[in-house]
There are 2 protein chains.
Amino acid sequence: MERELPTSLLMFIASRAAADRIFRTLQDAGFTDVTIAQSRLAMGLDPGGTRLSVLADRAQIAKQTATAIVDKLERAGYVERVPDPTDGRARLVRMTARAEAIIPLARAEEARIEAEWEAHLGPKRMAQLRDALTSLREITDPYR
Amino acid sequence: MERELPTSLLMFIASRAAADRIFRTLQDAGFTDVTIAQSRLAMGLDPGGTRLSVLADRAQIAKQTATAIVDKLERAGYVERVPDPTDGRARLVRMTARAEAIIPLARAEEARIEAEWEAHLGPKRMAQLRDALTSLREITDPYR
DNA sequence: TAGGATAGTCCCATGATCGAACTACTATAG
DNA sequence: CTATAGTAGTTCGATCATGGGACTATCCTA
């Protein structure tokens, strides 16, 4: 018999499985130079570009770490840094075309995963799951 | 307005919040030398001791990584390596008393988190959440 | 306009991660 | 009962991730 696992660990197992699948999808599509931490930071990018400190906040990492990751993404041609016209100290991190080519791939795999989960749980339990998780976000998400 | 986040990301947010809290609890209790990766591996320990390769499988990391983490845990006095009587090649990684002192702390914080989540969601939605997550594990957990 | 706050970077130390190659031991085919 | 194939764990070496501390340039506010 299996012991009862904490709810948070159950979430970790599932979310990790999803992240791994998306990661492997990108690898298989030839984007072999992106890492999970890099994708995680890139997920925080807004269409018009985002400040590094905002990216760091969203990914919950230190500014120095964000700098290092953006460096690598920039060297690999996925993002570029442009001056922020509204603040001379700041720069905006923006996706390049190369990065934008990845988005649909990741979204498609994400959609496949959601579909598989819904097929496994049934539409009702899937809706309950999303509802509970969305509500939990109010007390667990440090950023909104 | 907030865009719809993928289910797996919602799980990531919540599970990360929980992991961070448990981690901080241990830090505050004076166990400042344990890292999250180390705790994650240690969570795979069985009472009687566990082989390194099993720990690696459970934490989903490579054997070499597990070796490195066990090295650090051993140096810090949290685990010890003893020969496996049933197989001359293998060794069992076992918790020391020092590590066992941590367990109740972590479990208590985990229980507090679960209680807060249940208070926020209500008992019914919490049960539905656990039910869905447990079921999902069947298709997302590579180890059972 | 001076002083404090903020954005980003650099240096540096440590941890995490894994491919490849290795040693010691086990298990199995003949 | 040996040869040999497989397994458990380790070591080496490289790269990424991470954050503390300190720094520069710029902004904001009293």
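Values below: all heavy atoms of this structure, side chains included; hydrogens, waters and symmetry mates excluded. Proteins come first, then strands; the chains are lettered A, B, ... in the order of their sequence lines, and each starts at number 1.
In this structure, the CG atom of B:Asp57 is 13 Å from the P atom of D:dT7, given to the nearest Å. The CG-C1' distance, from B:Leu55 to C:dC18, rounds to 17 Å in whole Å. Atom-to-atom, CG of B:Leu41 to C1' of C:dT17 comes out at 13 Å; the value is rounded to the nearest Å. Nucleotide C:dG15 holds its P atom 15 Å from the CD1 atom of B:Ile61, rounded to whole Å. Per the geometry, CG belonging to A:Leu52 stands 13 Å off C1' belonging to C:dT6, to the nearest Å. For the pair B:Asp87 CG and D:dG6 P, the computed distance is 17 Å after rounding to whole Å. Taking atom CZ of B:Arg91 as the reference point, atom P of C:dT23 lies 17 Å away to the nearest angstrom. Between the CG atom of B:Leu92 and the P atom of D:dA8 there is a distance of 12 Å, rounded to whole Å.
The base of C:dT6 sits with one of its N or O atoms less than 3.5 Å from a complementary donor or acceptor on the side chain of A:Arg89.
Salt bridge annotation for B:Arg58-B:Asp46: present, with a cationic side-chain nitrogen under 4.0 angstrom from a carboxylate oxygen. Between B:Glu118 and B:Lys124 there is no salt bridge, since no side-chain nitrogen of the basic residue lies less than 4.0 Å from a carboxylate oxygen of the acidic one. Looking at A:Arg24 and A:Asp28, no side-chain N of the basic residue comes within less than 4.0 Å of a carboxylate O on the acidic one, giving no salt bridge. Salt bridge status for A:Asp131 with A:Arg137: absent, with no side-chain N to carboxylate O gap under 4.0 Å.
Although no hydrogens or angles enter the test, the distance criterion places a donor-acceptor pair under 3.5 Å between the side chain of A:Arg16 and the main chain of B:Gln60.
At a threshold of 4.0 angstrom between heavy atoms, the contacts of B:Arg81 are confined to the sugar-phosphate backbone, with no base atom among them.
A:Arg89 CZ to A:Ser53 OG: the interatomic distance, rounded to the nearest 0.5 Å, is 9.5 Å.
A side chain to side chain contact (heavy atoms under 4.5 Å, CB included) with A:Val79 is found for one member of A:Arg94, A:Glu74, A:Gln38 and no other, namely A:Glu74. Under the side chain to side chain contact (heavy atoms under 4.5 Å, CB included) test applied with B:Ile22, the options B:Arg107, B:Arg112, B:Glu110 reduce to a single match, B:Glu110.
Only B:Ala62, B:Gln64, B:Thr65, B:Ala68, B:Ile69, B:Lys72, listed by number, bring a heavy atom of residues 62-77 of chain B to less than 4.0 angstrom from any atom of DNA chain C. Listed by residue number, there are no residues of residues 12-37 of chain B with a heavy-atom contact under 4.0 Å to DNA chain D.
Side-chain N/O atoms of B:Glu114 and A:Thr7 include a donor and acceptor closer than 3.5 Å.
If you check D:dT10, C:dA16, D:dA8 against the side chain of B:Gln38, the one that comes closest is C:dA16.
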